[in-house]
Amino acid sequence: MQELTVIDDPAAAGVSLDPIRSRLLALLAEPGSASSLAGTVGLARQKVNYHLRTLEQHGLIELVAERRKGNMTERVLQATAASYVISPAALGAVAPDPGRAPDRLSARWLIAVAARTVREVGELLAGATKAGKRLATFAIDAEVRFASAADRAAFADELAHAVTALVGKYHDESAPSGRRHRVVVAIHPELKANRS
C-alpha cells in the first residue's frame, strides 16, 4: 500500500468521490471483504461487492487474498493507498492554469499554482513509483504570526528578494546535464479552525 496516490484519471476521480465508495476506501486501509464491510456500511453484501468491483476496476483497491468459505471464495481487498489526492489533470481543459493570469498577490493564482504542483508532482511520483525510485523533492511548512499587515508585506518582500537571489545564484541555463526544478513559495492566512 502506498502512503499517498494522486488520481489523475477522471473516471477514477468520479468513482472515488462517491460517498459510499469513499467510505469503503477508508475502511480498506485494512484488508476486508464484502462480507466484513457490509454490516459496517449498512448495505447488503452484493451491493458492497458491486462497489468493490468498481473501485478495483479503477485501481483504487486490489486483491490481497482469497479465502475459501464453504462453497464460496471470499475475496479480501485493500486500498492501494492510505490516502488519495485528485489531480487537477482529472479536470482536463478546465483545470486551473497559473499561466492564464499570473498575479502573485491573487488567491486564485495561488490556488492555480498549488493545483499545478499537485498535477506535476503527482505525475513525477507515479513515474518514480513505477520505476521503483524515490522522487527528490523538498518542502517547507511553517507558521508565522505577523503583528501587522505592514509586517506581512515586509516579510513577503524580503522573502521574494531572498528567493530571487538564490535562484539567480544557482540557476545555470547552460548546464548540459542540468535539470529544471520548480520553486514555489506561498503565504496565506491560516484557517481559524486549525489554530490551537
What's in the same ILVMFWY side-chain cluster as Phe138, cut-off under 4.5 Å, chained through other members? Ile140
Do Leu27 and Leu43 sit in the same hydrophobic cluster, where Ile, Leu, Val, Met, Phe, Trp and Tyr count as joined when their side-chain heavy atoms come under 4.5 Å apart? yes
Can you find a side-chain donor-acceptor pair between Ser87 and Arg119 that sits under 3.5 Å? no
Regarding Asp18 and Ser16, is there a side-chain donor-to-acceptor distance under 3.5 Å anywhere? no
Taking the side chain as C-beta and beyond, is there a heavy-atom pair between Val121 and Val6 under 4.5 Å? no
Decide yes or no for Thr80 and Gln2: does some side-chain heavy atom of the first lie under 4.5 Å from some side-chain heavy atom of the second? no
Kindly give the cluster partners of Val163, where membership spreads through any ILVMFWY side chain lying under 4.5 Å from a current member. Val144, Phe146, Phe155, Leu159, Val167, Val183, Val185, Ile187
Kindly give the heavy-atom pair with the smallest separation between Ala38 and Val48, and that separation in Å. CA-CG2, 3.8 Å
Is any side-chain heavy atom of Arg21 closer than 4.5 Å to a side-chain heavy atom of Leu25? no
Kindly give the heavy-atom pair with the smallest separation between Arg134 and Ala128, and that separation in Å. C-CB, 4.3 Å
Given side chains that start at C-beta, do those of Leu52 and Leu28 come closer than 4.5 Å, heavy atoms only? yes
dist Thr137:OG1 -> Leu124:CG (nearest 0.5 Å) comes out at 9.5 Å
How many angstroms lie between CG in Leu17 and CD1 in Ile7, if you round to the nearest 0.5 Å? 7.5 Å
Side chain to side chain contact (heavy atoms under 4.5 Å, CB included) with Leu77: which of Leu24, Leu55, Leu63, Leu37? Leu63
What are the two closest non-hydrogen atoms of Val113 and Pro98, and how far apart are they? CG2-CB, 3.8 Å
Nearest heavy-atom contact between Pro88 and Pro96 is CB-CD, 4.0 Å
Could you tell me whether a side-chain N or O of Tyr84 sits under 3.5 Å from a main-chain N or O of Leu60, the two making a donor and an acceptor? yes
Could you tell me whether a side-chain N or O of Thr164 sits under 3.5 Å from a main-chain N or O of Ala160, the two making a donor and an acceptor? yes
Can you check whether Ser33 reaches Ser36 side chain to side chain, under 4.5 Å on heavy atoms? yes
Give a yes or no on whether the backbone of Lys169 and the side-chain of His171 come within a donor-acceptor separation of less than 3.5 Å. no
Within a strict 4.5 Å, meaning less than it, do heavy atoms of the Ile61 and Gln78 side chains meet? no
Backbone N/O of Glu3 and side chain of Ser83: donor-acceptor pair under 3.5 Å: yes
Could you give the distance from CD1 (Ile111) to NE2 (His188), rounded to the nearest 0.5 Å? 9.5 Å
Please report the C-alpha distance between Met72 and Arg67 in whole Å, then the side-chain angles of each, then the deciding distance to 0.1 Å, and finally whether the side chain to side chain contact (heavy atoms under 4.5 Å, CB included) criterion is met. CA-CA 8 Å; Met72 295 178 56; Arg67 297 189 285 230; over 6 Å; no
Restricting to non-hydrogen atoms, name the atom on Thr73 and the atom on Glu66 that form the minimum distance, rounded to 0.1 Å. CG2-CB, 3.8 Å
Other residues, nucleotides, ligands: >12 heavy atoms within 6.0 Å of Arg68 CZ: yes
Give a yes or no answer on whether the side chain of Ser106 reaches the backbone of Asp103 with a donor-acceptor pair at less than 3.5 Å. no
If you compare all heavy atoms of Ala95 against all heavy atoms of Arg100, which two are closest, and at what distance to 0.1 Å? O-NH1, 3.2 Å
Are Asp97 and Arg116 packed together at the side-chain level, in the sense that at least one heavy-atom pair is separated by less than 4.5 angstrom? no
Counting only heavy atoms not in Glu30, do more than 12 sit closer than 6.0 Å to its CD atom? no
Could you check if a side-chain atom of Glu56 sits within less than 4.5 angstrom of a side-chain atom of Glu62, using non-hydrogen atoms only? no
